[in-house]
Amino acid sequence: MANIRPSVPKGTRDFSPVEMVKRNYIFDTIKAVFRKYGYQEIQTPSMENLETLMGKYGDEGDKLIFKILNSGDFLKDVNLGATGLDAKSVTPKISEKALRYDLTVPFARYVVMHHNEISFPFKRFQVQPVWRADRPQKGRYREFYQCDADVVGSESLLNEAEFILIYNEALTKLGLKDFTIKINNRKILSGIAEIIGKPELIVEMTVAIDKLDKIGLEGVTKELLERGFTPADIDKLKPVILLQGSNEEKLESLKEVLSSSATGLKGIEEIESIFYYLKKLVSADQLLTAVELDITLARGLNYYTGAIFEVKTNEVAMGSIGGGGRYDDLTGVFGSREKLTGVGISFGADRIYDVLEELQLFPENTAETTKVLITNFDPEAEVYALPLLQQLRTKGIAAELYPTAAKIKKQMSYADNKQIPFVILIGSDEMQSGQLTLKNMRSGEQEKLPIDQIIRKLVD
RNA sequence: GUGGUUUUAGCUCAGUUGGUUAGAGCGCCUGAUUGUGGUUCAGGAGGUCGUGGGUUCGAGCCCCAUAUUCCACCCCA
């Protein structure tokens with residue numbers, strides 16, 4: 001076989017030991033917060049049946065799903081002589097499985113499948129990789145981890161309020177200082193479309209106004225005209241999307257604008273309830289300043305029906321680091337008899353990693369793994385060291401014995417590179433006296449101590 | 001999917017209008033130091049110049065294709 005150049009697929013990465021320590025720090029921090037709010041962990045397979053995923057993310061999303069070629073003769077169901085073969089009709093014949101695209105749809109599938117074992121409301125969290133056949137760029141990978149928390153089977157807006165607390169708590173614990181938790185409600189967007197008299201164009205409308213901060217009012221106007229709105233419609237829309245002021249002020253203005261839309265008013269009421277809960281839950285207004293009602297926020301319209309969340313950091317230029325929302329009847333497409341409402345959030349762990357790296361917010365001690373290395377002088381010393389090695393480990397001290405009698409210089413360098421803080425040297429003197437040489441690699445000091453004293457010193 | 005960009009030693013990068021043997025810093029190895037890392041000094045190894053074609057007497061440099069990196073658009077964590 002010819003030599004192939006080692007590489008990983010586009011948009012995927014290896015993670016070194018140092019990177020894994022940092023990644024686990026992020027995962028552990030987020031998971032701890034999820035648990036604290038009563039969420040339980042599940043996992044689902046990396047691959048789902050293709051039909052489970054297709055059609056859930058819109059046409060764009062379908063294209064971004066990684067399909068898995070069937071095993072064996074994957075062409076056996078394809079009539080290669082037929083005319084008019086195209087990707088769309090052939091795909092289901094050659095592929096019946098696909099890599100998961102997000103954690104929400106697999107969760108919905110899980111809830112329907114395990115309906116009888118679950119007691120509702122069901123609060124679950126899930127931290128696993130997802131795959132998207134996107135073009136990679138800054139903060140965008142083809143394989144990345146999402147950290148999701150969802151509750152299914154509870155209409156209470158307390159859940160929404162708690163998700164805001166979870167975002168705030170997890171990101172604060174990770175060291176982020178300045179971030180914005182944007183909130184909107186699909187019903188408000190519906191109401192606005194109703195007022196204009198174009199409820200059927202809600203998706204077109206929201207896709208356009210979502211870009212306000214990126215392309216400005218002029219750009220949005222242009223897009224709206226292209227998407228079937230008249231200048232008169234835009235005149236009605238303009239004051240709404242340009243709403244300024246505090247969350248309360250925005251809500252008051254919206255109430256007037258949407259006074260003739262029952263749906264719109266329901267959306268406002270929901271937002272108000274969430275703020276009501278928040279104010280009862282936390283006294284400090286520090287959190288409330290991080291929460292911003294933004295009616296141009298329009299994410300995941302394919303299934304969100306109520307609240308919509310998005311989290312952005314203001315310290316680094318980066319796309320959103322989290323998002324979520326409420327979806328009524330997500331399980332319906334899987335044939336669930338009863339309508340189950342769900343609401344959830346997601347953290348983009350890989351983007352958070354990039355942000356923490358750029359802001360140098362990772363804790364210092366992340367490189368330290370092994371606490372003590374025992375040097376290996378010769379076979380005799382090796383045998384002498386073996387029981388000591390296990391003694392250290394029994395006491396919970398991460399210890400390793402250098403596996404060959406290499407030059408001491410080499411062994412010391414190994415400890416140094418691995419940032420092992422202590423080294424135990426055992427030569428003939430030490431074996432005779434039982435007084436082992438313990439070297440502190442940071443200070444360079446060394447002292448002679450029996451093993452039990454060394455253990456006492458290292459155990460804290 | 002559209003447009004642009006990147007790729008040279010393990011890593012970060014120089015490399016002139018196309019011209020002899022492709023360089024530096026860091027890292028690695030050896031020694032100064034046969035029981036001591038991190039500092040210092042001396043020496044050494046390491047390169048299909050992303051890959052495949054082409055132009056040329058001659059290509060790291062020019063042309064074409066392709067992969068990859070990063071960026072913008074679409075969309076999204």
Side-chain angles (χ1 to χ4, degrees), chain A residues 2-13 16 26 30 57-65 87 101-104 127-148 167 203 206-208 210-211 214-215 219 223 297-302 309-313 317-325 344-355 373 375-378 381 402 405-431 436-446 448:
Chain A
N3 277 349
I4 52 158
R5 185 172 214 83
S7 64
V8 295
K10 184 200 287 206
T12 67
R13 299 147 301 154
S16 68
I26 293 174
I30 293 172
Y57 312 102
D59 289 344
E60 283 292 320
D62 283 355
K63 283 184 215 157
L64 298 180
I65 294 170
Y101 178 89
D102 72 356
L103 301 179
T104 306
V127 175
Q128 288 191 276
V130 303
W131 293 269
R132 296 185 187 175
D134 231 355
R135 273 248 193 131
Q137 54 178 281
K138 186 179 177 67
R140 178 177 297 195
Y141 306 100
R142 288 183 145 187
E143 178 184 60
F144 62 98
Y145 276 71
Q146 288 192 329
C147 312
D148 274 35
Y167 268 137
V203 172
T206 51
V207 166
D210 187 46
K211 296 177 188 166
K214 209 175 199 173
I215 59 178
E223 284 231 9
L297 172 61
R299 292 280 150 160
L301 280 174
N302 285 308
F309 300 114
E310 181 176 83
V311 185
K312 300 190 85 162
T313 169
M318 175 67 72
S320 62
I321 54 175
I345 54 167
S346 180
F347 289 83
D350 301 78
R351 284 190 179 174
I352 291 171
Y353 183 102
D354 292 345
V355 169
L373 174 80
T375 56
N376 188 333
F377 273 70
D378 50 40
Y402 199 87
K407 287 185 179 158
I408 296 306
K409 184 186 171 76
K410 166 96 178 149
Q411 299 187 34
M412 297 299 283
S413 298
Y414 173 82
D416 191 44
N417 285 336
K418 213 166 159 181
Q419 299 192 45
I420 298 173
F422 293 96
V423 172
I424 295 172
L425 295 109
I426 303 174
S428 51
D429 291 355
E430 284 85 351
M431 281 189 276
L436 312 179
T437 301
L438 178 70
K439 172 155 181 159
N440 180 327
M441 293 296 279
R442 299 230 169 93
S443 63
E445 290 164 5
Q446 51 189 62
K448 295 223 167 185

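Naming convention: chains lettered A, B, ... in sequence-line order (proteins, then strands); numbering from 1 in each chain. Because only heavy atoms are used, hydrogens play no part in the values below, and waters and symmetry mates are left out as well, while side chains stay in.
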For residues A:Tyr141 and A:Asp354, determine if any side-chain heavy atom of one lies less than 4.5 Å from a side-chain heavy atom of the other.
yes
Is there a side-chain contact between A:Tyr57 and A:Leu64 in this structure, where contact means two heavy atoms from C-beta onward sitting under 4.5 Å apart?
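The answer is no; the side chains never approach within 4.5 Å.
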Distance, [atom1] atom - from [M] to [N], rounded to whole angstrom:
{"N": "B:U17", "M": "B:U66", "atom1": "P", "value": "29 Å"}
{"N": "B:U34", "M": "B:C70", "atom1": "P", "value": "47 Å"}
{"N": "B:G44", "M": "B:G23", "atom1": "P", "value": "14 Å"}
{"N": "B:G3", "M": "B:U8", "atom1": "P", "value": "25 Å"}
{"N": "B:U21", "M": "B:G43", "atom1": "P", "value": "26 Å"}
{"N": "B:U48", "M": "B:A67", "atom1": "P", "value": "23 Å"}
{"N": "B:G18", "M": "B:A59", "atom1": "P", "value": "13 Å"}
{"N": "B:U39", "M": "B:G27", "atom1": "P", "value": "7 Å"}

Please report, rounded to the nearest Å, how far the [atom2] atom of [N] is from the [atom1] atom of [X].
{"X": "A:Arg351", "N": "B:C75", "atom1": "CZ", "atom2": "C1'", "result": "11 Å"}
{"X": "A:Lys407", "N": "B:C28", "atom1": "NZ", "atom2": "P", "result": "16 Å"}
{"X": "A:Glu223", "N": "B:C73", "atom1": "CD", "atom2": "P", "result": "12 Å"}
{"X": "A:Asp102", "N": "B:C76", "atom1": "CG", "atom2": "P", "result": "12 Å"}
{"X": "A:Asp59", "N": "B:C76", "atom1": "CG", "atom2": "P", "result": "12 Å"}
{"X": "A:Trp131", "N": "B:C75", "atom1": "CH2", "atom2": "C1'", "result": "20 Å"}
{"X": "A:Arg132", "N": "B:G1", "atom1": "CZ", "atom2": "C1'", "result": "17 Å"}
{"X": "A:Lys10", "N": "B:U7", "atom1": "NZ", "atom2": "C1'", "result": "15 Å"}

Using a 4.0 Å cut-off on protein heavy atoms (strictly under), produce a 5'-to-3' string for nucleotides 36-48 of chain B with B for base contact, S for backbone-only sugar-phosphate contact, and - for none.
BBB---------B
More than 12 heavy atoms of other residues, nucleotides or ligands under 6.0 Å from NZ of A:Lys448: is that the case?
yes
[X] near the nucleic acid: base, sugar-phosphate alone, or nothing, with a heavy-atom cut-off under 4.0 Å?
{"X": "A:Gly427", "value": "base"}
{"X": "A:Gln146", "value": "sugar-phosphate"}
{"X": "A:Gly11", "value": "sugar-phosphate"}
{"X": "A:Ser346", "value": "nothing"}

Using Watson-Crick and G-U wobble pairs with both distances under 3.5 Å, what is the 5'-to-3' dot-bracket string of RNA chain B, with [ ] for crossing pairs and | for pairs outside the strand?
((((..(..((((.....[...)))).(((((.......))))).....(((((..]....))))))..))))....
Nearest listed nucleotide, side chain of A:Ser428, among B:G35, B:A72, B:C75
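Side chain of A:Ser428 sits closest to B:G35.
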Nearest to the side chain of A:Lys211 - B:C74, B:U2, B:A77?
B:C74
State the CD1-OG1 distance between A:Ile345 and A:Thr104, to the nearest 0.5 angstrom.
11.0 Å
Looking only at heavy atoms, what is the nearest atom pair of [X] and [Y], with distance?
{"X": "A:Val355", "Y": "A:Met318", "value": "CG2-CG, 4.0 Å"}
{"X": "A:Thr12", "Y": "A:Glu143", "value": "CG2-CB, 4.2 Å"}
{"X": "A:Tyr402", "Y": "A:Lys410", "value": "OH-CE, 3.7 Å"}
{"X": "A:Gly139", "Y": "A:Arg351", "value": "O-NE, 2.6 Å"}
{"X": "A:Ala415", "Y": "A:Met441", "value": "CB-CE, 4.2 Å"}
{"X": "A:Ile26", "Y": "A:Ala349", "value": "CD1-O, 4.1 Å"}

Parallel, tilted or perpendicular: ring planes of A:Tyr167 versus A:Phe309, cut at 30 and 60 degrees
perpendicular
Both A:Arg135 and A:Tyr145 contact RNA chain B. Taking the nearest nucleotide for each, which residue is further toward the 5' end?
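Nearest-nucleotide comparison on RNA chain B picks A:Arg135.
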Take A:Gly323 and A:Val8, find for each the nucleotide of RNA chain B with the closest heavy atom, and name the residue whose nucleotide sits nearer the 5' end.
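Checking each residue's closest nucleotide, the 5'-ward one belongs to A:Val8.
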Reckon A:Lys214 has a side-chain N or O less than 4.0 Å from the OP1 or OP2 of B:C75?
no
